[in-house]
Amino acid sequence: MGKSKCSRRFIFFVSILILSMGCTGIAAPTLTVEPPTAVVIEPSVTPESTTTEIEAQPGAEGAGDSLYPNLGNGGYDVQHYTLDLIVNDVTTSELVGKTTIEAQATQDLSSFNLDFVGFEITSLTVDGQPAEFERNRQELVVTPVGPLAEGEPFTVEVQYQGKPGEMDSMAIQIQTGWITFDGGSFVLSEPDGAASFYPVNDHPLDKATYTLRVTVPEPFEVGANGVLTETVDNGKTMTFVFEARDPMASYLATVNIDEFDIETSQSENGIPIRNYYPTGSPEELRRPFERQGEMIDHFSELFGDYPFEVYGALVIDFEFGAALETQTLSIFSKAMIDQGLEGSESVVAHELAHQWFGDSVSLGDWRDIWLNESFATYAQGLWTEHTQGRAALDEWVRRSYAFVLEENTSMSPPGEPPANRLFNAGVYYWGALALHALRLEVGDETFFDILKTYHERFADGNARTADFIAVAEEVSGKELSEFFDSWLYSEELAPIPALGLEAN
Ligand code: TRP
Ligand code: ZN
């Protein structure tokens, strides 16, 4: 294997990472926080309630994230989103939308926030009654006619129209959200682009199930998360209904519009696969995905059963240097799968591994992004090990080590990413090396036990770095705080003595 071929492997994620490197010094935008004011309501509905006062408060305008305090909202928990999007013009993405949110109040609420950007809101109701609302940048503040009691379910319906606008992410110098290109559109929202097309509690802490109902003019088609349960031919338009029945973080919701060739298969163990390729794509475009079934089964053996009911890839017919692990249907720009078969397959393995690490087990705080990216990056090494043997993995580790040493100054230690460069290469490669070092520290069997236990325990939920460390210590019976401190928070790359790797 020639050197240039190998170094190409690093280009892919670095290509999106480099974009984020030029933006040092730009602070993440913050929204003005107004202190919540207590509203004392004396409900007069039932005779006995007149004796007790409900002290309803506004829900917090952030979910409490340590890097992005304004992302998400507090005071309620969403169970299900139903998005009903009628795209009238694919060239501009001009659409009429209705998002229905089924939620439960987690405190007595006088008002609550959603995250939503752009569009004209034509109607907003809570439990069928028109509610007052105010918009302040990405915060949509909703005041229902009466307070919502803690523990009670409620339904919000927002109707809107317009074109999804471009989102400037606080975290990454790349356009996120709903993006329109010549011939279609796609959605890549990590971490803060979801609000560009639906009102949402935009933080992975509030996972929910989704129904995505999208209507497009013929002959366009839609690829979205979950299972396609219905297609309705309305004459000049078609409606595609997708059900994502497993809890999903908001940034993983995706809607893609184009004309597709859909290829279906299944893994040997029976996981259904559907891949979406732009119609008329050359045959080579499909090759990096040929071994996805084998990858699913292999990773299921290493990490635990594949967490969702279906998987597949969708290729975007537009040059955009990124791929994203959108739940059950990872999406790839062409540039990401045009790096030679081996390099491209490695990207495919990366996005698949995120289905366990990132999608099923989601972040409790964006600061812990290494729990997503380092695991998916290490999975690329694991795929190399599976296909080429342990010596090839060792070689991959050596190359990664050299890469981190060389580029060290542009990286953060994996556990300390800056808010405006969340996806810097440190959370990919440096953290992947940390996982390999952990494997060498505890031995192969214990290491994979740790990964499985961690996945099993936090599947469909959220985890933080401390949760992973706790599992690693519990399963290995070792005290590992010093180990993790040196790998996650030290500015200096820790040594891997077994491979003779050290910083100096
Ligand atoms: N999580 C993506 C990956 O697999 C990287 C990423 C972060 C991204 N934010 C994005 C890709 C926004 C596209 C758009 O590495
Ligand atoms: Zn990734």
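Since we're looking at a predicted model, the values are computed, not measured. Below, each value reflects all heavy atoms present in this structure, side chains not excepted, and no hydrogens, waters or symmetry copies. Atoms within each ligand, like the ligands themselves, are counted from 1 in listed order. Residues take their numbers from the sequence shown, with the count starting at 1.
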Can you list the residues that meet the ring pair (Phe, Tyr, Trp, His ring centres under 6.0 Å) rule with Phe289, with sequence neighbours excluded?
Tyr277, Phe332
Part of Ala171 within contact of ligand 1 (heavy atoms, under 4.0 Å):
neither
Taking heavy atoms and a distance under 4.0 Å, where does Ile172 meet ligand 1: side chain, backbone, both or neither?
side chain
The atom name of the N, O or S atom in Glu373 nearest to the Zn ion (ligand 2) is OE1
Which atoms of ligand 1 sit under 4.0 Å from any heavy atom of His350?
3 (C), 4 (O), 15 (O)
The Zn ion (ligand 2) - name of the N/O/S atom of His354 that sits closest to it:
NE2
Subset of ligand 1 atoms that lie under 4.0 Å from at least one heavy atom of Glu351:
3 (C), 4 (O)
State, yes or no, whether a side-chain contact exists between Leu435 and Trp487 at a heavy-atom distance under 4.5 Å.
no
Give a yes/no on ligand 1: does Gln175 have at least one heavy atom closer than 4.0 angstrom to it?
no
Of the choices Ile369, Leu324, Ile174, which has the non-hydrogen atom that lies closest to atom 8 (C) of ligand 1?
Leu324
Would you find more than 12 non-hydrogen atoms of other residues, nucleotides or ligands less than 6.0 Å from Arg287 atom CZ?
no
List every atom of ligand 1 that sits less than 4.0 Å from any heavy atom of Ala322, numbering the atoms from 1 in the order shown and giving each element.
11 (C), 13 (C)
Pick out which of His436, His354, His350 makes a ring pair (Phe, Tyr, Trp, His ring centres under 6.0 Å) with Tyr378.
His436
Just jot down the ring pair (Phe, Tyr, Trp, His ring centres under 6.0 Å) partners of His386, sequence neighbours excluded, or say none.
His298, Trp383
Side chains of Tyr68 and Asp202, heavy atoms from C-beta outward: is any pair under 4.5 Å?
no
Assess the side chains of Asn73 and Asp115: does a donor N or O sit below 3.5 Å from an acceptor N or O?
yes
With a cut-off of 4.0 Å, which atoms of ligand 1 are near a heavy atom of Glu325?
1 (N), 2 (C), 3 (C), 4 (O)
Please identify which atoms of ligand 1 are closer than 4.0 Å to at least one heavy atom of Glu373.
1 (N), 2 (C), 3 (C), 4 (O), 15 (O)
Measure across Ser362 and Lys207 and return the closest heavy-atom pair with its distance rounded to 0.1 Å.
OG-NZ, 2.9 Å
Does Glu325 bring an N, O or S atom to under 2.8 Å of the Zn ion (ligand 2)?
no
